[in-house]
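Before any comments, here is the structure.
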Amino acid sequence: MKTFSATTRRQFIVTAGTTAAAVAVNAQTPAAAPAPSGPFKVPLLPYPAEALEPHIDATTMGIHHGKHHKAYVDNLNKAVAPHEGLQKKTLEQLIADIAFLPEDMRKPVQNNGGGHWNHTLFWNLMGVPGAAGIGGAPPDGPLAVAINGAFGSFAKFQEKFADAAMKRFGSGWAWLIAKADGKLAIVSTPNQDNPLMQGIVPNGDRGTPVLALDVWEHAYYLKYQNKRADYVTAWWNVVNWTAANALFEAAGKPAGKAPGK
Ligand code: MN
């Protein structure tokens with residue numbers, strides 16, 4: 001269920017939709033009107049939509065990926081369509097440089113570029129419950145060591161991460177990030193903001209995402225209704241620690257310290 005190559009995060013984004021792990025989930029993606037053509041595409045899920053059952057149900061996954069993620073991509077393509085120079089940028093470059101974009105581009109890229117980037121990461125940070133490296137505590141390795149060092153224990157880390165997910169008012173995300181100095185931190189962002197967004201997210205909350213949890217209601221409402229805490233508890237069973245560990249290791253390398261460049 002490895003969906004990351006141990007290369008740079010930018011390469012991950014570029015190749016996320018074309019890995020061999022991308023199985024025939026496209027057949028389950030709801031049909032839709034023709035999307036505006038553009039440089040950005042919805043990646044395939046790296047597993048079938050029902051693969052995360054019973055923790056995350058197939059209907060939610062199908063709508064979340066096939067409708068919500070697709071809408072972010074369609075709207076991002078619309079936003080960059082009039083700007084030929086911007087169409088050539090990678091998604092990660094756009095995300096990191098939002099504050100420096102032309103004014104009419106900022107909100108569309110913040111919301112839809114963020115939505116595309118965040119969801120691409122989110123799919124790859126989950127996997128089939130019970131498979132190697134999925135759920136439970138992180139396997140021995142650099143990330144497990146760093147989590148214990150930063151938070152005292154895996155249980156304390158889980159508690160703090162779940163707290164960030166629960167305290168996010170309204171829509172947003174909880175993140176485990178590796179900061180520029182290599183230290184781990186737990187942060188939360190509203191809407192589709194993410195910790196790479198220079199000039200948008202406070203400097204203290206910026207860093208390279210290692211773990212991401214979508215706490216928009218669209219991520220859980222069909223199965224869990226208003227019980228976000230139950231969704232967060234269940235989500236731990238599908239966390240892809242192999243992928244998280246790869247992100248953590250890449251963040252410590254020079255290429256991972258300069259997102260977008
Ligand atoms: Mn979402």
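Both counts, for ligands and for their atoms, begin at 1 and track the order of listing. The model shown is predicted, which means the values in this text are computed figures rather than measured ones.
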| task | Would you check if the Mn ion (ligand 1) lies under 2.8 Å from any N, O or S atom of H218? | result | yes
| query | Which atom, among the N/O/S set of H119, is closest to the Mn ion (ligand 1)? | reply | NE2
| message | Please name the atom of D214, limited to N, O or S, that comes nearest to the Mn ion (ligand 1). | response | OD2
| said: Does either side chain, that of H68 or that of H119, offer a donor lying less than 3.5 Å from an acceptor on the other one? | reply: no
| request: Please tell me if the side chains of M61 and W123 come closer than 4.5 Å, counting only heavy atoms from C-beta onward. | output: yes
| query | Does the pair K78/D74 count as a salt bridge with the N-to-O cut at 4.0 Å? | reply | no
| query | Would you call the rings of Y231 and Y224 parallel, tilted or perpendicular if under 30° counts as parallel and over 60° as perpendicular? | reply | tilted
